[in-house]
Protein chains: 2
Amino acid sequence: MLSIGAVAAAAGVTPRVVRYYEQSGLLASERTAGGQRRYPESAIERVEFIQHLIRAGLTTEVIRDQLSCVNSRVATPDTIEKLRAQREHIARRAAELNSMEQRIADLIDAAHDSISAEDAASAHSHIATRARG
Amino acid sequence: MLSIGAVAAAAGVTPRVVRYYEQSGLLASERTAGGQRRYPESAIERVEFIQHLIRAGLTTEVIRDQLSCVNSRVATPDTIEKLRAQREHIARRAAELNSMEQRIADLIDAAHDSISAEDAASAHSHIATRARG
DNA sequence: GTAGAACATGACGCTAGTGTCACGGTCAAG
DNA sequence: CTTGACCGTGACACTAGCGTCATGTTCTAC
């Protein structure tokens, strides 16, 4: 059994985040006699999964519903419909991000050009240097 | 020149949000003699762009730097490096989203199977019905 | 059994955003 | 020149998803 610090470190978050997830009903924990949280290994992946979903723009409330279905291994048609909606939501976000990436790539190109125009030799070498990093 | 209400409506936000962006230094406006904000058509796209960047996980502070560079049409190597970092950030988010979409798709399939196993005939027809919606 | 790291709980702050209220000024139509 | 919709500033409250601090308890290793 893992401590909250171990789970948090492995998942790349702070203990605060793990407690917040528990408080939000996304994550359960056992307790020691002294009241400290203990988790199975699987909690690490679960925290990472939740993080991804949150970054995808889903709220903890929405995630709670989905995870409870995954936990209980019981899915109603309603749940499936929700999952489907979330999938669309995520797909839209992904499309937005791809478009943003393209726009930023264009900005980089434009900036690159403007620098080349201003100060071709030195700036260009700067860019070349940083482009590898 | 557009009023704040026109820009907000076209960008799918409230005037409050537009003012908030101006207050955050993300958006400039001209003023009428009476002090009301007037915007060029391009402000609509700009507000949408800012919205996308915020949803991509960038802070207003970070966005402000980038946009100021875009505005002034002057880019330092440092700015380019930041843009590049942001692009990577966004690309990572996009990759996460794609992975999430796949996982949710798997959940949908799994849920579909579990329902089929539980109550093949009726539940299956439910899913088929909703799948078209 | 004691030091000190880690943990528990609770509270407050932050950002991005929404809503709302106040109170007054502006703009465009008539 | 009035009417009414819209806009201005400012303020306050609330949300999610955390960071951070305060204060006290538990765990672990020596």
Side-chain angles (χ1 to χ4, degrees), chain A residues 1-39 43-44 46-67 86 89-90 93 96-97 100, chain B residues 1-39 43-44 46-67 86 89-90 93 96-97 100:
Chain A
M1 295 299 259
L2 305 171
S3 71
I4 190 171
V7 171
V13 300
T14 62
R16 174 74 172 88
V17 171
V18 177
R19 287 193 202 101
Y20 178 72
Y21 290 171
E22 177 169 330
Q23 186 188 326
S24 305
L26 305 180
L27 197 60
S29 65
E30 291 173 31
R31 299 293 184 124
T32 64
Q36 297 197 357
R37 295 173 177 82
R38 288 297 117 103
Y39 299 92
I44 297 168
R46 183 159 174 136
V47 168
E48 288 170 347
F49 186 41
I50 295 169
Q51 281 265 302
H52 287 325
L53 290 175
I54 285 174
R55 283 205 282 263
L58 306 187
T59 67
T60 52
E61 196 183 342
V62 170
I63 297 171
R64 183 169 54 236
D65 295 347
Q66 307 309 287
L67 287 183
Q86 252 115 276
H89 176 89
I90 288 176
R93 277 279 198 285
E96 274 182 16
L97 283 183
M100 286 307 98
Chain B
M1 296 297 260
L2 306 170
S3 70
I4 189 170
V7 170
V13 300
T14 63
R16 181 82 166 78
V17 171
V18 178
R19 288 193 201 101
Y20 180 73
Y21 287 171
E22 178 170 330
Q23 188 189 327
S24 305
L26 304 181
L27 197 61
S29 64
E30 290 175 30
R31 299 292 185 124
T32 64
Q36 297 197 355
R37 296 172 177 82
R38 288 298 116 102
Y39 300 91
I44 298 168
R46 183 162 173 134
V47 169
E48 288 170 347
F49 186 41
I50 294 169
Q51 284 260 306
H52 287 326
L53 289 176
I54 286 173
R55 282 206 283 263
L58 305 187
T59 67
T60 52
E61 195 183 344
V62 169
I63 296 171
R64 185 168 52 236
D65 295 346
Q66 308 307 285
L67 287 182
Q86 251 115 273
H89 176 89
I90 289 175
R93 279 277 199 284
E96 275 181 16
L97 284 183
M100 285 308 98

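Each chain gets a letter, A, B and so on, in the order the sequences are listed, and its residues count up from 1.
- Within the 4.5 Å cutoff, side-chain heavy atoms of A:R37 are placed close to those of A:R31.
- In this structure, A:R55 does not reach the D:dC18 phosphate: none of its side-chain N or O atoms is under 4.0 Å from OP1 or OP2.
- Remark: A:I50 CD1 to A:Y20 OH distance equals 11.0 Å, nearest 0.5 Å.
- As rounded to whole Å, 11 Å separates atom C1' of D:dC7 from atom OH of B:Y39.
- Closest to the side chain of A:R19, from the set D:dT26, C:dT26, C:dT9, is C:dT9.
- When all heavy atoms of B:I4 and B:Y39 are compared, the pair lying nearest together is CA-CE1, 3.8 Å.
- Atom CD in A:Q36 sits about 7 Å away from atom P in C:dC7, given to the nearest Å.
- Atoms CG (A:L26) and P (D:dC18) sit 10 Å apart, rounded to a whole Å.
- Side-chain N or O atoms of A:T32 include one that pairs as donor or acceptor with a backbone N or O of A:G34 at under 3.5 Å.
- Atom CE of A:M1 and atom P of D:dC27 are 14 Å apart (whole Å).
- For the pair B:A6 and B:R16, both in contact range of DNA chain D, the more 5′-proximal nearest nucleotide belongs to B:A6.
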Protein-nucleotides 14-17 of chain D N/O pairs under 3.5 Å:
from, atom 1, to, atom 2, distance (Å)
D:dG17, OP1, A:L58, O, 3.4
D:dG17, OP1, A:T60, N, 3.1
D:dG17, OP2, A:Y20, OH, 3.4
D:dG17, OP2, A:T60, N, 3.2
D:dG17, OP2, A:T60, OG1, 2.6

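- An OP1 or OP2 oxygen of D:dT9 is reached within less than 4.0 angstrom by a side-chain nitrogen or oxygen of B:R31.
- A donor-acceptor contact shorter than 3.5 Å is absent between the side chain of A:R55 and the backbone of B:R93.
- Of the candidate nucleotides C:dC27, C:dG19, C:dC7, C:dC7 has the atom nearest to the side chain of A:I4.
- Side-chain atoms of A:R19 do not come within 3.5 Å of backbone N or O of A:T14 as any donor-acceptor pair.
- Per the geometry, CD belonging to B:Q23 stands 11 Å off P belonging to D:dA11, to the nearest Å.
- By the 4.5 Å heavy-atom criterion applied to side chains, B:S3 and B:R38 are counted as neighbours.
- When each of A:R38 and B:T32 is assigned the nucleotide of DNA chain C with its nearest heavy atom, A:R38 is the one assigned upstream, toward the 5' end.
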